[in-house]
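Quick notes on the structure that follows.
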Amino acid sequence: MPYTTQPASFPATADAPADPRRRRAALVLPLALALGSSGFGGHAAAKAADTTAAETGLGAPRLALLIGNRVYPNPFDLPPVHKNVRDMQAALEARGFTVTATIDQDPDGLKRTIEAFARSAQAAAPNATVMFYFTGHGMQIDAENLLLGAGIAPDSGEPVLLASSLHLQRDVMELLPKRTTGLTIAVVDACRTSLRAAMNASDGLNQVEAPPGCLIVFSTAAGRPAIAPAVETLNTFYTGSLVKLLQTAADELSFSDFFRLVKLDVQQTMSTHPIEAIRNLAQNPFIAENTQVQFRLTPHAPSATPEQIAAEQAALWQQLQDSQWPAEVLKLADDYLKRFADSRLAGSAEVARAGAGEAVRALRSNQVRLYRSAFQPKNADAQLITEVRKAARGDKDAAARIARLYQEGAALADQNRYEGWLQYAAALGNGIASYELALHYRRQGQPAPAARYESRARELAYTPPPTLDHSRK
């Protein structure tokens, strides 16, 4: 499906003033929204859950809070924000969400809104789906990740910024539920760079690992901008894809696959855009996931069964679902899409193919010592099997959790597997895992690989907090 944003929206028009400062601020959502990694961890169900996961969430409440701040002092206003919120509200309500939407809230209003929503979310049923969505300005200062209140200039001094923002971890994520039987989603559509020249590029934005039961999505990669039109009649690129797929994606698609499909759509839309500047700034949305049950876009929709689809298709789909080896996932997903391109499950197959392709490339690296036997562990419990299946589809966070199981689990203790899975996670883009591996090699007295993986962590825009390792030089 073609993307609806038109190239004509980006040059100055009657709706897009020619003021170059305003155009720069509108073209690129200029600041960062990142979630610090401290406090995020946990290991993530059973194979039997594969057959029932699609039904999880039936009858459970769905709650969403949408916050959009457009009004900032010139030239920092963000024209698309109000449309982002309106369109998201309509799309989520069509998917059964009860939506609270608010725009242009000052710092005090932001805090009151999130606190009220968090109380409702915590009181909801254990299998509730809860979504937090923010579009506006944000930044990171000294590992504090901030969502800026309306009316505050993003280039203000640090004391003003710290006092005029939601602290994303403390004021948002720590208030929202983290339940293994439910799903909490945080979506941030904003840049992950800074307008403040005083901030050093090496102060890059920390990656995140999601708490159990949570899925965290950023519209672009750490240290990268997010593109927005300079008019209020169009969405930002990320929210445009998000709304489009909320309206058109198959009911059977899980939220996990859905956000990965949005990522693919954003990449395809921007990398083929007729404007070269847009192609050069094509976004690579960031996803951190630690979910243990599958929640579908439409929980009341009937599941596809072998009686409803050809037995051959059902058998191939089951093979794909059960596969634990990236090359096999890639082949099965490709076969499925070639033979059943019009299937309602084609979106999930496309996501599996893209993720497995990344996994295959990672395993080909001479810095990853992980082999097929690692993806077929003996005497594995349901938790490990579930994580291996995710990792075979390119899930960088699942790979890191597997490594920690081999480090921490008495029955699984295996130093070689611990290193191999961390190497794989780093190759897939997990900066936290890369730095963890650097610390491991430093403790082992291996300075060369320690330096290499610390460099890799910084390349992935992960800046470790000083408290991680006091011996760091």
### Task
Give the intermediate values and the outcome of side-chain contact (heavy atoms from CB on, under 4.5 Å) for residues M173 and I216.
CA-CA 10 Å; M173 293 305 298; I216 301 170; 4.2 Å; yes
Closest contact, heavy atoms only, [X] versus [Y]:
{"X": "A228", "Y": "P80", "value": "CB-CG, 3.8 Å"}
{"X": "G431", "Y": "A457", "value": "O-CB, 3.5 Å"}
{"X": "M131", "Y": "F259", "value": "CE-CZ, 4.1 Å"}
{"X": "P229", "Y": "L234", "value": "CG-CB, 3.5 Å"}
{"X": "P449", "Y": "Y441", "value": "CB-CD1, 3.6 Å"}
{"X": "R62", "Y": "G96", "value": "CB-O, 3.6 Å"}

State, without any angle test, whether [X] and [Y] hold a side-chain donor-acceptor pair at a distance under 3.5 Å.
{"X": "Q283", "Y": "T220", "value": "no"}
{"X": "S365", "Y": "Q367", "value": "no"}
{"X": "D87", "Y": "N235", "value": "yes"}
{"X": "Q292", "Y": "T386", "value": "no"}
{"X": "S256", "Y": "E289", "value": "yes"}

### Query
Cation-pi between K396 and Y424: NZ/CZ under 6.0 Å from ring centre and within 45° of the ring axis?
no
Please determine whether a side-chain nitrogen of the Lys or Arg among [X] and [Y] lies less than 4.0 Å from a carboxylate oxygen of the Asp or Glu.
{"X": "E115", "Y": "R112", "answer": "no"}
{"X": "E209", "Y": "R401", "answer": "no"}
{"X": "D265", "Y": "K244", "answer": "yes"}
{"X": "E454", "Y": "R442", "answer": "yes"}

Distance-only, no hydrogens or angles: does the [X] side chain make a donor-acceptor pair with backbone N or O of [Y] under 3.5 Å?
{"X": "H167", "Y": "Q169", "value": "no"}
{"X": "T102", "Y": "I67", "value": "no"}
{"X": "S165", "Y": "L161", "value": "yes"}
{"X": "R179", "Y": "A125", "value": "yes"}
{"X": "D257", "Y": "V351", "value": "no"}

Quick one, [X] and [Y] - any side-chain contact, counting heavy atoms below 4.5 Å?
{"X": "T236", "Y": "N84", "value": "yes"}
{"X": "D251", "Y": "R296", "value": "no"}
{"X": "T269", "Y": "V266", "value": "no"}
{"X": "F286", "Y": "V217", "value": "no"}
{"X": "V188", "Y": "S219", "value": "no"}
{"X": "E419", "Y": "R369", "value": "yes"}
{"X": "R224", "Y": "L281", "value": "yes"}
{"X": "N69", "Y": "I103", "value": "no"}

Quick one: pull up [atom1] in [X] and [atom2] in [Y] and give me the separation to the nearest 0.5 Å.
{"X": "L66", "Y": "T113", "atom1": "CG", "atom2": "OG1", "answer": "11.5 Å"}
{"X": "T298", "Y": "L253", "atom1": "OG1", "atom2": "CG", "answer": "10.0 Å"}
{"X": "D77", "Y": "Y72", "atom1": "CG", "atom2": "OH", "answer": "10.5 Å"}
{"X": "F132", "Y": "L175", "atom1": "CZ", "atom2": "CG", "answer": "10.5 Å"}
{"X": "S348", "Y": "Q294", "atom1": "OG", "atom2": "CD", "answer": "8.0 Å"}
{"X": "F76", "Y": "R70", "atom1": "CZ", "atom2": "CZ", "answer": "15.5 Å"}

### Task
On the 0 to 90° scale, with breaks at 30° and 60°, tag the Y462-Y435 ring pair as parallel, tilted or perpendicular.
tilted
### Task
Might you work through the salt bridge (charged side-chain N to carboxylate O under 4.0 Å, His left out) test for R393 and E358, ending with a clear yes or no?
CA-CA 8 Å; R393 289 151 179 80; E358 292 182 17; over 6 Å; no
### Message
Let's go through D189 and Y133 carefully: what are the C-alpha distance in whole Å and the side-chain angles of both, what is the deciding distance for side-chain contact (heavy atoms from CB on, under 4.5 Å) to 0.1 Å, and is it a yes or a no?
### Response
CA-CA 8 Å; D189 186 2; Y133 167 90; 4.2 Å; yes
### Task
Start with the C-alpha gap between Q89 and F97, add the side-chain angles, then the distance that decides, and say whether side-chain contact (heavy atoms from CB on, under 4.5 Å) holds.
CA-CA 9 Å; Q89 179 171 2; F97 280 82; over 6 Å; no
#### Entry: Worked verdict on Y418 versus H440 for ring pair (Phe, Tyr, Trp, His ring centres under 6.0 Å)
CA-CA 10 Å; Y418 169 67; H440 167 74; 5.3 Å; yes
#### Entry: salt bridge (Lys or Arg N to Asp or Glu O under 4.0 Å) partners for D395, two or more places apart
R260
### Stepwise side-chain contact (heavy atoms from CB on, under 4.5 Å) test for L405 and Q383
CA-CA 10 Å; L405 286 173; Q383 177 188 6; 4.0 Å; yes
